[in-house]
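Notes to accompany the following structure.
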Number of protein chains: 2
Amino acid sequence: MARGKHTREEIRQLAIDVAEQCIVEHGMQGMNARHIAKEMGYAVGTLYQVFKSMDLLIFEVNMRSLLALEKKLRSAAQDATHCHAAIEAMVMRYVDYALQETNRWQTLFEHRLPEGVELPETYQKHRAQLFRLLEEQLKCAYPDKFDKDIALEARALWAGVHGICTLALLNKLDDDGLNIKDIVQTLLVRFNTVGGEV
Amino acid sequence: MARGKHTREEIRQLAIDVAEQCIVEHGMQGMNARHIAKEMGYAVGTLYQVFKSMDLLIFEVNMRSLLALEKKLRSAAQDATHCHAAIEAMVMRYVDYALQETNRWQTLFEHRLPEGVELPETYQKHRAQLFRLLEEQLKCAYPDKFDKDIALEARALWAGVHGICTLALLNKLDDDGLNIKDIVQTLLVRFNTVGGEV
DNA sequence: GAAGTAAAGTGAACACCGTTCATTTTGTCA
DNA sequence: TGACAAAATGAACGGTGTTCACTTTACTTC
């Protein structure tokens, strides 16, 4: 071992911290190796000894975002008194996340690792977990449905909400005078998950 | 006037042709000024006399994609015998477009003009037209609904389908063994637009 | 024809990007 | 102290988009 100011792991975390801040403030584009290195107080070379590429650094930020999102949704579900309310709460919490932490959310869904680089298993596990959270509540709401149908419903609803957020944030909804949350509510009504009766 | 091989407008169209081909074959990333210029048989400088920036060139390709998509959806609606069928046909045509012309479709929705550059009015008009096509059919399917509710329904359904396509193409649906079209059908069922009865 | 002119076309050059790697600095231990 | 290897460096490379002083060309006028 040599040099001592920070351990390898500390430098790694420092890099993720700085990258995260860049992304939150200026989006994925507003982040570059030289700027991050300078902000860390190290040279670019050091950054590259800890991350093979900038893509992998962005990925680590996305990992944090994913875990934070999962936590939010889980707590939304737990606070609800019954499954329909849980579904609505999770959906709304998701919309809030997209609207409030826009840059973080957009990076989470727009960034792609270069071809050939596979996502770590843990990442995929946590992403699948988001669907599972919804599936649990749907299973409770519709106990008679087959698992496969529950899976389909979960994906249709989740992707639907996601699509509304995507288009809304890109101003591609042509929604003069329409409230995003009203559009989401419209979708929720279609899934019979709004209005109260258990 | 001077020089004659091509008029300014011909060069413009030539550039869009080449850019379109690049995008179709390799996606938005697989396109760059030098390559396009070489393929056109001109120098980069000439390209920049016709397009202020590469972003505006991509935009022109997107304009073409948008018009093509609009045409497809319009014909899908016209071929249908009643409004529920029209809605289903349009949605499925949209999914086909996303799945078959993936690079074109992704560029259409992922590309953003730099801040400060506004979308031309004609573009916005055609994009709004996509929603209007769906609204027409929804209006026919649900004649008692208010216009505002129709607008909400159109956006919820459209964005929903869009979200499914987005996540499916990015492999972010965690859909082991699930068919994308089945997920879309699930969404359609929720909107009561599948199954036949008028 | 020749000279003049302005449009059309050029491509080297600039600034910035991710990435690499020969080189230097530094802490540790014999 | 000297030797060694890990840690850290930053100039350099190849790739972007973009610019603009310059050259080439076609047309007009004499």
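Note: hydrogens, waters and symmetry copies are ignored here, and every other heavy atom, side chains too, is used. Letters go in sequence order (proteins before strands), and every chain restarts at 1.
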Inset, instruction - To the nearest 10°, let me know how far the axis at one end of the helix from dG1(C)-dC30(D) to dA30(C)-dT1(D) is tilted from the axis at the other, five pairs an end. - result: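 The end-segment axes of the helix from dG1(C)-dC30(D) to dA30(C)-dT1(D) are tilted 30° relative to each other.
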Quickly work out the [X] [atom1] to [N] [atom2] distance and round it to whole Å.
X        : N       : atom1 : atom2 : result
Leu47(B) : dA8(C)  : CG    : C1'   : 14 Å
Lys52(B) : dC20(D) : NZ    : P     : 14 Å
Arg12(A) : dA7(D)  : CZ    : P     : 15 Å
Phe59(B) : dG17(D) : CZ    : C1'   : 20 Å
Lys5(B)  : dG9(C)  : NZ    : P     : 8 Å
Glu10(A) : dA7(D)  : CD    : P     : 13 Å
Leu56(B) : dG17(D) : CG    : C1'   : 13 Å
Glu9(B)  : dA8(C)  : CD    : P     : 13 Å

Legend entry - Residue-level proximity of residues 27-46 of chain A to DNA chain C when a heavy atom falls under 4.0 Å: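 DNA chain C contact set from residues 27-46 of chain A: Met31(A), Asn32(A), Ala33(A), Arg34(A), Gly45(A).
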Inset, instruction - Mind running a 4.0 Å heavy-atom check of residues 15-26 of chain A against DNA chain C and sending the residues that fall below it, in number order? - result: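 Within this stretch, nothing sits under 4.0 Å of the strand.
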Inset, instruction - Answer yes or no: is there an ion pair linking Asp147(A) with Lys139(A), defined by an N-O contact shorter than 4.0 Å? - result: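 Looking at Asp147(A) and Lys139(A), the cut-off is met.
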Please answer whether the main-chain N or O of [Y] pairs with a side-chain N or O of [X] as donor and acceptor at a distance below 3.5 Å.
X         : Y         : result
Lys172(A) : Arg127(B) : no
Thr102(B) : Ala98(B)  : yes
Arg155(B) : Ala151(B) : yes

Can you confirm whether more than 12 heavy atoms, excluding those of [X], are under 6.0 Å from its [atom1] atom?
X         : atom1 : answer
Lys148(B) : NZ    : no
His111(B) : NE2   : yes
Gln21(A)  : CD    : no
Lys125(B) : NZ    : no
Gln29(A)  : CD    : no
Glu9(B)   : CD    : yes

Legend entry - Among dG17(D), dT19(C), dG9(C), the nucleotide that comes nearest once only the side chain of Ser53(A) is considered: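 Among dG17(D), dT19(C), dG9(C), the one nearest the side chain of Ser53(A) is dT19(C).
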Legend entry - Selected nucleotide, minimal atom distance to Tyr48(B) side chain, candidates dA8(D), dG18(C), dT18(D):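 Among dA8(D), dG18(C), dT18(D), the one nearest the side chain of Tyr48(B) is dT18(D).
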Inset, instruction - Determine the contact category for Ile11(B): base if any of its heavy atoms lies under 4.0 Å from a base atom, sugar-phosphate if only primed atoms, P, OP1 or OP2 are that close, otherwise nothing. - result: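 Touches sugar-phosphate only.
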Legend entry - Lys72(A) NZ/CZ over Tyr94(A) ring centroid, <6.0 Å and within 45° of normal: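 Output no; distance or angle outside limits.
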